[in-house]
Trainee: 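Got a structure for you, written out below as structure tokens; questions coming shortly.
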Amino acid sequence: MGRYNHRVSEAKWQRIWDERRTFEVRADPSRPKYYVLEMFPYPSGRIHMGHVRNYTLGDVIARLKRAQGYNVLHPMGWDAFGLPAEGAAIKRGIHPKTWTWNNIAEMRAQIRAMGLSIDWTREFATCDPAYYRHEQAMFLAMYERGLVYRKESWVNWDPVDQTVLANEQVIDGRGWRSGAPVERRKLAQWFFKITAYAEDLLAALDRLERWPEKVRLMQRNWIGRSEGARIAFEILGRADRLEVFSTRPDTLFGASFMALAPDHPLAAELAAQDPGLAAFIAECLKGGTSEAALETVEKRGYDTGLRCRNPVRPDQLLPVYVANFVLSEYGTGAIFGCPAHDQRDLEFARTYGLPVRPVVLPEGADPATFAIGEEAYTGDGRLFNSAFLDGLDVPAAKKRIVQELERLGAGRGEVSWRLRDWGVSRQRYWGCPIPMIHCPGCGVVPVPVEQLPVLLPDDIDITGVGNPLDRHPTWKHTSCPRCGGPAQRETDTFDTFVESSWYFARFCDPKNSEKPFDREAVAYWLPVDQYIGGIEHAVLHLLYSRFFTRAMRDCGYLDLDEPFAGLFTQGMITHQTYRDEQGNWLEPGEVVKDESGGLRTRDGRRVIAGRVEKMSKSKLNTVDPTEIIETYGADTARLFMLSDSPPDRDLEWTDAGIDGAWRYLNRLWRIVDERAAALPPPGTPVRHEGLEGADLALARLVHRSIASVTDALERFHFNKAVALIRELTNGIEDYRGDNGPLLREALETFVRLIEPMTPHLAEELWERLGHRHLLADTPWLAPDPSLLVEDRIVLPVQINGRRRSEISVPKGADAATVEAAALADPAVRRILEGRAPRRVVVVADKIVNVVV
RNA sequence: GCCCCAGUGGCGGAACCGGUAGACGCGGCAGACUCAAAAUCUGUUGCCCGCGAGGGCGUGGGGGUUCGAGUCCCUCCUGGGGCACCA
């Protein structure tokens, strides 16, 4: 008798798994593979509970699949470039490289303490030139193939720090460091042509059956395919025409104005002559640029004085406005406004007194009286007030108007996408250098492949002002590979989403110095069978990876379309927040309950319990996983992560919860400890034939548990799997029989079933049950089918849909037998009081419903 | 503004295809052990009425489909997520 010592046991089994290289894998085409991947971490220096949840979920799947006989690849690495390293350099003067590698060392130790079944020999960090050199080579290959180009695009510019800001560095329109009002600037930047794959990225979503519908929908919306027409309007007094895109060309007869985005080229041209317009445009550019900001802002416009001619109503002249709600990067950056059938256009028209002419008549409405009030009509109907379109329904009218526009040479059908090309230039130091050279004579010249990698310089001065690589005294000066003359390196680095767009492939062949990865290794391991991470990556990271995989395919690196066959998105970890009366956040550790049940700080101040929110440092409601693992052990933390809450929902961290998990582990230990000595030796045959009473009940429970726990694990119902194992252990504790082999089978079953969740304790118990080989090397269990079938079942009996009684009948009994048994049931007879049922519904092996 | 998701006991949640609502756990209550406490164990626990047998109500609100609705449909309310340089 003794207590389970997690400190000793966890260190012991981690050492043994290491020494025996239990989780190291090699490609083996003779065996089925399974690739489990959690989204790799950014090395911030400390793991947080979100990581613990993420890796626990992945490890359960990895260990289950391994036990089921798969050759499991389960790697770990570091998404090591990024802004925080530069932040640390600015704030504390630490070199980003030193900071990053130190953080990696610390986080590796913290992650290792979780006891994950990871092949650590495959570890790499993306800031290592051994990694990013291949990225540079792939970028050049994609450039060759025309998948990379350069164009001007808008950035947030901090005029004091002379630097580009990320959206998160812009706080209330001001730079996070300088506090200066942020300006919008155009800068030449590098782009990946993700739009070249828009159609395929959209269509292929339908085939990603093991992705959450929610994520697929978000990607569909992001890609945003819409069918419509491009229409060219004659501008009075000018030679050029104004092109617009519309998804509702059928409403062209209802047009009453034109509107340009504030940064439309025509707007800029007119503003040069019109100070009022210039001021209006400047005002518009101050506001946010997100769709949400644009669509909630009050609709305002500026009449440019220009007039356009409606191509299908040549007598109608439309005023041309510059308007704050028109998106410059969608469609052509200009629209025609039809107030009757678009809410934004309607609000605009009401503000500026423009006509509202309905052209779509809802079913049943009277054309003589139909009018638009506060709400635009966007539904179906028949066209009217529209000459040759009159009487057509909306889809037919769309087709017809496009034909007419084509005939007039004024437009054509067009598919427009919300998806824009991926801008990857970042004006920062701690990223992968973009391998390009700017030559005054030859223009942009790629760095020759044999000169790769373009290394980041170590001697760097990071002040937060300007672009560090650009300010470096010598680094950017080089010679042109084409003409040999003096030239300059590109001083921008890649968006860190580039590194994370192919790391899953690198894990298949992480040491390759010749090329990013070997084709065969990737052909064996990819796609990732189960990818696990946060919903926050639902669009960008996952879409970029899908694009990159296609681009790598087209550049001949691999033969694959989709990188992630299965995706699971986990919920957040939340925790109670506390504030004092002044509104300052308090750490939970400071808060105590006083006699009256109220909350006080340790020094007696009143405390207000806030909402349960996502763990975050700013709200002081984080819990440090390393401390939890120290106190309770990794298995307890893992079990808590899996219990109670379904993994795709938010999980509230509570002291009671972690305590409950800890107590359960100790109970498991006692269950085995109290019974181990009396058991027959390992391998003693167990007989399932002729069992009765408590023995039969236990055997049935054991085998039902094997089936149900396996099913729950495979379907990511980990909270249910834990509950089912608890039922099994409850049954084992209640067992009073003396069938030693059966009891051994029961104990071994629960130990085997719980191993993916609490591997250290499971190994310890397995050893205690007399086994010499590792549980981690022991196959998964299959239930004995003879113990899964019941010969009699209990059927609920309903009267008028309410359960009133239950009857026991043979499994598969026919309707007549069940009906007779139900009507003979004393409780049923009593309630019927001699009345004859009007109808009896029998659903075989499910239910009886007596209708009176 | 647009798109999407969720809402079940005091709490976390379970209920797979429309078929016994509340598995499993936390908490509570009562008891055992103990000088006492902790730990552990046993019983009990959706709400209301009733001594009891038993009955009524109950899955955010309202309506509908069905022999039967937490589950399907309509509508409303509340909370959450996404809408292009954090990772």
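Atom set for the values below is all heavy atoms of this structure, side chains included, hydrogens, waters and symmetry mates excluded. Labels below follow one simple rule: chain letters A, B, ... track the order of the sequence lines, proteins then strands, and each chain is numbered from 1.
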Trainee: Take atom P in B:rU44 and the same atom in B:rG50, then report the distance between them in whole Å.
Mentor: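 24 Å, rounded to whole Å.
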Trainee: Quick one: A:Met39 CE to B:rC86 P, roughly how many Å, whole number?
Mentor: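 Spelled out: CE on A:Met39 to P on B:rC86 is 16 Å.
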Trainee: What is the distance, rounded to the nearest whole Å, between atom CG of A:Asp79 and atom C1' of B:rC86?
Mentor: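 Taking atom C1' of B:rC86 as the reference, CG of A:Asp79 is at 11 Å.
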Trainee: Which part of the nucleic acid, if any, lies within reach of A:Gln189 when heavy atoms closer than 4.0 Å are counted: base, sugar-phosphate only, or nothing?
Mentor: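 Result for A:Gln189 = base.
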Trainee: Would you measure the distance from the P atom in B:rU65 across to the matching atom in B:rC11 and give it in whole Å?
Mentor: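 Pairwise P distance, B:rU65 against B:rC11, rounds to 33 Å.
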Trainee: Centre-to-centre under 6.0 Å for A:Trp653 and A:Phe640, is that the case here?
Mentor: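 Yes; A:Phe640 has its ring centre under 6.0 Å from that of A:Trp653.
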Trainee: Can you measure A:Arg420 atom CZ to B:rC83 atom P for me and round it to whole angstrom units?
Mentor: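 So the CZ-P distance, A:Arg420 to B:rC83, works out to 13 Å.
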Trainee: Can you name the one residue among A:Gln427, A:Gln189, A:Arg426 that meets side-chain hydrogen bond (donor to acceptor under 3.5 Å, both in side chains) with A:Asp492?
Mentor: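 That would be A:Gln427.
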Trainee: Between A:Glu86 (CD) and B:rC85 (P), how many Å, whole number?
Mentor: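 Whole-Å distance recorded here is 18 Å.
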Trainee: Please report the interatomic distance CE(A:Met39) to OH(A:Tyr55), rounded to the nearest 0.5 Å.
Mentor: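 Between A:Met39 CE and A:Tyr55 OH, I get 11.0 Å after rounding to 0.5 Å.
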Trainee: Has the side chain of A:Arg426 got a donor or acceptor atom sitting under 3.5 Å from an opposite partner on the base of B:rC85?
Mentor: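 Yes.
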Trainee: Taking only residues two or more places apart in sequence, or in another chain, which ones meet A:Glu652 in a side chain to side chain donor-acceptor pair (under 3.5 Å)?
Mentor: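 Applying side chain to side chain donor-acceptor pair (under 3.5 Å) to A:Glu652 gives none.
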Trainee: If the P atom of B:rG22 is compared with that of B:rG10, how far apart are they to the nearest Å?
Mentor: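 It works out to 16 Å between them.
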Trainee: Identify, between A:Asp734 and A:Met572, the residue whose nearest nucleotide on RNA chain B lies closer to the 5' end.
Mentor: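 Closer to the 5' end of RNA chain B: A:Asp734.
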Trainee: From the list B:rC85, B:rG55, B:rG82, which nucleotide is the closest neighbour of the side chain of A:Met218?
Mentor: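 The nucleotide sitting nearest to the side chain is B:rG82.
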Trainee: How far, in whole Å, is B:rC16 from B:rG60 if one measures between their P atoms?
Mentor: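 Those two atoms are separated by 16 Å.
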Trainee: Taking 4.0 Å as the cut-off, does a side-chain nitrogen or oxygen of A:Arg418 come that near to OP1 or OP2 on B:rG82?
Mentor: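 For A:Arg418, the contact criterion (side-chain N or O under 4.0 Å from OP1 or OP2 of B:rG82) is not met.
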Trainee: List RNA chain B stems (3 or more consecutive Watson-Crick/G-U pairs, under 3.5 Å)?
Mentor: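 For RNA chain B the paired stretches long enough to count as stems (3 pairs minimum) are B:1-7 with B:77-83, B:10-12 with B:24-26, B:27-32 with B:40-45, B:46-49 with B:54-57, B:60-64 with B:72-76.
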Trainee: How far, in whole Å, is B:rC4 from B:rC67 if one measures between their C1' atoms?
Mentor: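 Going atom to atom, C1' in each nucleotide, I get 35 Å.
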Trainee: Is the base of B:rC17 syn or anti, if syn means a glycosidic angle within 90° of 0?
Mentor: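 Glycosidic conformation of B:rC17: syn.
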Trainee: Roughly how many Å apart are B:rC24 and B:rU45, using the P atom of each and rounding to a whole number?
Mentor: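 Taking atom P in both B:rU45 and B:rC24, they lie 12 Å apart.
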Trainee: More than 12 foreign heavy atoms under 6.0 Å from CZ of A:Arg675: is that the case here?
Mentor: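 It does: A:Arg675 CZ has more than 12 such atoms within range.
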Trainee: Within the structure, does a side-chain N or O atom of A:Arg804 lie under 4.0 Å from either OP1 or OP2 of B:rG54?
Mentor: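 Negative; the distance criterion is not met.
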Trainee: In whole Å, measure the gap between the P atoms of B:rA38 and B:rG28 for me.
Mentor: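 That atom pair is separated by 11 Å.
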Trainee: What residues, two or more places apart in sequence or in another chain, satisfy ring-ring contact (aromatic ring centres under 6.0 Å, His included) together with A:Tyr131?
Mentor: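 A:Tyr131 satisfies ring-ring contact (aromatic ring centres under 6.0 Å, His included) with A:Phe124, A:Trp502 only.
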Trainee: Who pairs with A:Glu536 by side chain to side chain donor-acceptor pair (under 3.5 Å), at least two apart in sequence or on another chain?
Mentor: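 Applying side chain to side chain donor-acceptor pair (under 3.5 Å) to A:Glu536 gives none.
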Trainee: When you check the gap from the basic side-chain N to the acidic O, do A:Arg150 and A:Glu490 get nearer than 4.0 Å?
Mentor: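 A salt bridge is present here (some side-chain N lies under 4.0 Å from a carboxylate O).
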Trainee: In whole angstroms, how far is the P atom of B:rG56 from the CG atom of A:Asn800?
Mentor: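 Result: 11 Å.
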Trainee: Taking the side chain from A:Trp430 and the backbone from A:Ala80, do they hold a donor-acceptor pair closer than 3.5 Å?
Mentor: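 Yes; at least one donor-acceptor contact below 3.5 Å.
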Trainee: Within the 4.0 Å heavy-atom criterion, would you say A:Glu536 contacts the bases, only the backbone, or no part of the nucleic acid?
Mentor: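 Base, at least one base atom sits under 4.0 Å.
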Trainee: Roughly, in whole Å, what's the span from OH in A:Tyr330 to P in B:rA84?
Mentor: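 Atom OH in A:Tyr330 sits about 14 Å away from atom P in B:rA84.
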Trainee: Classify the ring geometry between A:His341 and A:Tyr377 as parallel (under 30°), tilted (30 to 60°) or perpendicular (over 60°).
Mentor: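 If you compare the ring of A:His341 with that of A:Tyr377, the planes turn out perpendicular.
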Trainee: For A:Leu543 and B:rC83, give me the distance from atom CG to atom P, rounded to whole Å.
Mentor: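 Going from CG in A:Leu543 over to P in B:rC83 covers 13 Å.
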Trainee: Rounded to whole angstroms, how far apart are CZ on A:Phe494 and P on B:rA87?
Mentor: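 So the two atoms are 15 Å apart, to the nearest Å.
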Trainee: Provide the full list of side-chain hydrogen bond (donor to acceptor under 3.5 Å, both in side chains) pairs with a residue in residues 638-648 of chain A, sequence neighbours left out, each pair given once.
Mentor: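 Qualifying pairs: A:Asp59-A:Arg638.
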Trainee: So if I define the base as every atom that isn't primed, P, OP1 or OP2, how would nucleotides 12-31 of chain B read as a B/S/- string at a heavy-atom cutoff under 4.0 Å?
Mentor: BSSS---BB--BSSSS----
Trainee: For B:rU78 versus B:rC86, give the span between their P atoms, rounded off to a whole number of Å.
Mentor: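 Taking atom P in both B:rU78 and B:rC86, they lie 32 Å apart.
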Trainee: Base, sugar-phosphate, or nothing: which does A:Trp422 touch, judged by heavy atoms less than 4.0 Å apart?
Mentor: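 Touches nothing.
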Trainee: Apply the syn/anti split at 90° from 0 to B:rG28 and say which one it is.
Mentor: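 Because its glycosidic torsion lies more than 90° from 0, B:rG28 adopts the anti conformation.
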